[in-house]
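Scroll down for the structure; my scribbles are underneath it.
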Amino acid sequence: MKYLDEFSDPALAKRLVDQIHAATTRPWAMMEVCGGQTHSIIRHGIDQLLPDGVEMIHGPGCPVCVTPLEIIDRALAIAARPGVIFCSFGDMLRVPGSGQDLFSVKSAGGDVRVVYSPLDALKLARENPDKEVVFFGIGFETTAPANAMTVHQARRLGVRNFSLLVSHVLVPPAIAAIMESPTCRVQAFLAAGHVCSVMGTSEYPPLARKYQVPIVVTGFEPLDILEGVRRTVLQLEQGRHEVENAYPRAVRDEGNLPAMEMLRDVFEVTDRTWRGIGMIPGSGWRLSEKYAEFDAERRFDVAGIRTAESSLCRSGDVLQGLIKPHECAAFGKECTPRNPLGATMVSSEGACAAYFTYRRLELVDAK
């Protein structure tokens, strides 16, 4: 299959691994920002192929994982209301709020539906004019254009019974927050290729210069990640801190210009809370005043809901790269994919889920 088999070639992978070993003369710690990259690294054992001193730190790159508890609780409050059809992608249904999840609301009689596109939710709103249809719009810059287009369409078509519960977050402010943390150990970043396919690379050179860290835009297949690591190690060894695009088949420096224009029209930058991390200024989007009537938080008056994180779950430390998932005492015991304490275990892109799926036998048994 094009762009899959070609980027999993064992001979090419060995060549890249050998080049990384040959280039490495001292320990380095780099963070992959994307949860999809984390799963690929753990699934294929890429971290175990690297030189002993090269550490992969798993960053807050899973959109489900960083959606704050208070947003989940707001979603639950809306979904439980009579006359509401609450629509979401399937990966959000088992993410725990402070007391239940969307599956629990559904089992109690709430009209919660899995859709495959926000446009599916808009279609439901047009077919059910007597219902309020809400779509749960989460994620990084990657998923935002489709949500923006749907709200734009709802306004154009005059569909007033549709609204969007927004929890979009932005990668560059998160990188800045990580670098400014007093506990930061990150010396370089593998940037998420799908985010850059939308937004381009123009936001990253100021970060590379300010924090003196290499930032390499990287894809998701094994060879993509190894090439990203190779380029990053070379920069670190040479004392450079530049932005490189190692994913040119999908990413252009200027990004997707029509998508970016749509985003500027529909959304505006706001402060956003990240689950397990806290407030990061200017790190999210909300609907602009032009589209404020489609804001589900305003429509259902749930913005005041505030909740506290579990004291047992250490997903926040995992998301900040302070610990590996198995270093949490609850990993594989109180916290499993069947009974997750936090979103990093339930999400298909969460670091805890990756370690449980691919490493649990060696890690849980070793405890």
Side-chain angles (χ1 to χ4, degrees), residues 62-139 143 147 150-151 154 159-168 273-276 294-313 315 330 333-350 352-353 356:
C62 162
V64 175
C65 302
V66 301
T67 302
L69 193 61
E70 61 195 40
I71 292 289
I72 303 296
D73 280 358
R74 291 170 196 175
L76 296 171
I78 294 171
R81 295 196 183 190
V84 169
I85 300 175
F86 193 89
C87 301
S88 172
F89 294 142
D91 55 3
M92 292 303 299
L93 267 65
R94 292 190 60 245
V95 179
S98 56
Q100 57 180 340
D101 55 25
L102 285 168
F103 265 131
S104 302
V105 173
K106 183 177 177 67
S107 66
D111 194 346
V112 178
R113 306 190 190 187
V114 173
V115 294
Y116 298 95
S117 163
L119 289 170
D120 292 341
L122 182 59
K123 183 172 182 285
L124 280 172
R126 299 182 71 185
E127 293 171 349
N128 297 272
D130 59 329
K131 301 280 189 179
E132 284 287 340
V133 178
V134 182
F135 179 74
F136 199 178
I138 73 153
T143 57
N147 293 339
T150 303
V151 174
V159 183
R160 304 300 177 189
N161 64 322
F162 172 83
S163 59
L164 189 70
L165 180 61
V166 183
S167 186
H168 279 301
T273 298
W274 294 52
R275 187 167 194 165
F294 297 98
D295 187 338
E297 284 192 24
R298 295 192 187 191
R299 185 172 296 189
F300 295 95
D301 192 24
V302 295
I305 293 178
R306 296 285 186 270
T307 45
E309 299 282 350
S310 164
S311 59
L312 185 60
C313 177
S315 61
K333 297 176 181 178
E334 295 90 348
C335 185
T336 68
R338 273 184 177 272
N339 298 288
L341 292 178
T344 47
M345 181 61 85
V346 70
S347 169
S348 61
E349 292 189 358
C352 295
F356 188 89

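We count residues from 1, following the sequence as given.
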Hey, are the side chains of [X] and [Y] touching, using non-hydrogen atoms and a 4.5 Å cut-off?
| X | Y | answer |
| --- | --- | --- |
| Ile72 | Met92 | yes |
| Pro118 | Phe89 | yes |
| Leu93 | Val114 | yes |
| Met345 | Asn339 | no |

Which pairs count as salt bridge (charged side-chain N to carboxylate O under 4.0 Å, His left out) when at least one residue sits in residues 110-121, sequence neighbours excluded? Asp111-Arg113
Got a salt bridge between Glu132 and Arg81, using NZ or NE/NH1/NH2 to carboxylate O under 4.0 Å? no
Spatial distance of atom [atom1] ([X]) from atom [atom2] ([Y]) [nearest 0.5 Å]:
| X | Y | atom1 | atom2 | result |
| --- | --- | --- | --- | --- |
| Leu124 | Leu119 | CG | CG | 11.5 Å |
| Cys313 | Leu341 | SG | CG | 5.5 Å |
| Phe86 | Leu165 | CZ | CG | 5.5 Å |
| Ser88 | Phe135 | OG | CZ | 6.5 Å |
| Leu164 | Arg299 | CG | CZ | 10.5 Å |
| Ser104 | Leu76 | OG | CG | 8.0 Å |

On a heavy-atom basis, which atom in [X] and which in [Y] lie closest, and how many Å separate them?
| X | Y | value |
| --- | --- | --- |
| Asp73 | Gly97 | OD1-CA, 3.4 Å |
| Leu69 | Pro96 | CD1-O, 3.5 Å |
| Ala79 | Val112 | CB-CG2, 4.0 Å |
| Thr143 | Ile138 | OG1-O, 2.9 Å |
| Leu122 | Ala154 | CD1-CB, 3.7 Å |
| Ser167 | Pro68 | OG-CD, 3.8 Å |

Any donor and acceptor pair, going by atom type alone, linking the side chain of [X] with main-chain N or O of [Y] inside 3.5 Å?
| X | Y | answer |
| --- | --- | --- |
| Arg275 | Ile71 | no |
| Arg94 | Arg338 | yes |
| Asn161 | Asn128 | yes |

Apply side-chain contact (heavy atoms from CB on, under 4.5 Å) to residues Cys87 and Val133 and explain how you reach the verdict. CA-CA 7 Å; Cys87 301; Val133 178; 3.9 Å; yes
Residues two or more places apart in sequence or in another chain: which of them pass side-chain contact (heavy atoms from CB on, under 4.5 Å) with Ala108? none
With a cut-off of 6.0 Å (strictly less than), are more than 12 heavy atoms of other residues, nucleotides or ligands near CZ of Arg126? no
Plane angle bin for Phe294 and Phe162 - parallel if under 30°, tilted between 30 and 60°, otherwise perpendicular: tilted
Between the side chains of Thr150 and Asn147, is a donor N or O closer than 3.5 angstrom to an acceptor N or O? no
State which residues pass ring pair (Phe, Tyr, Trp, His ring centres under 6.0 Å) with Phe300; sequence neighbours excluded, sorted by chain then number. none
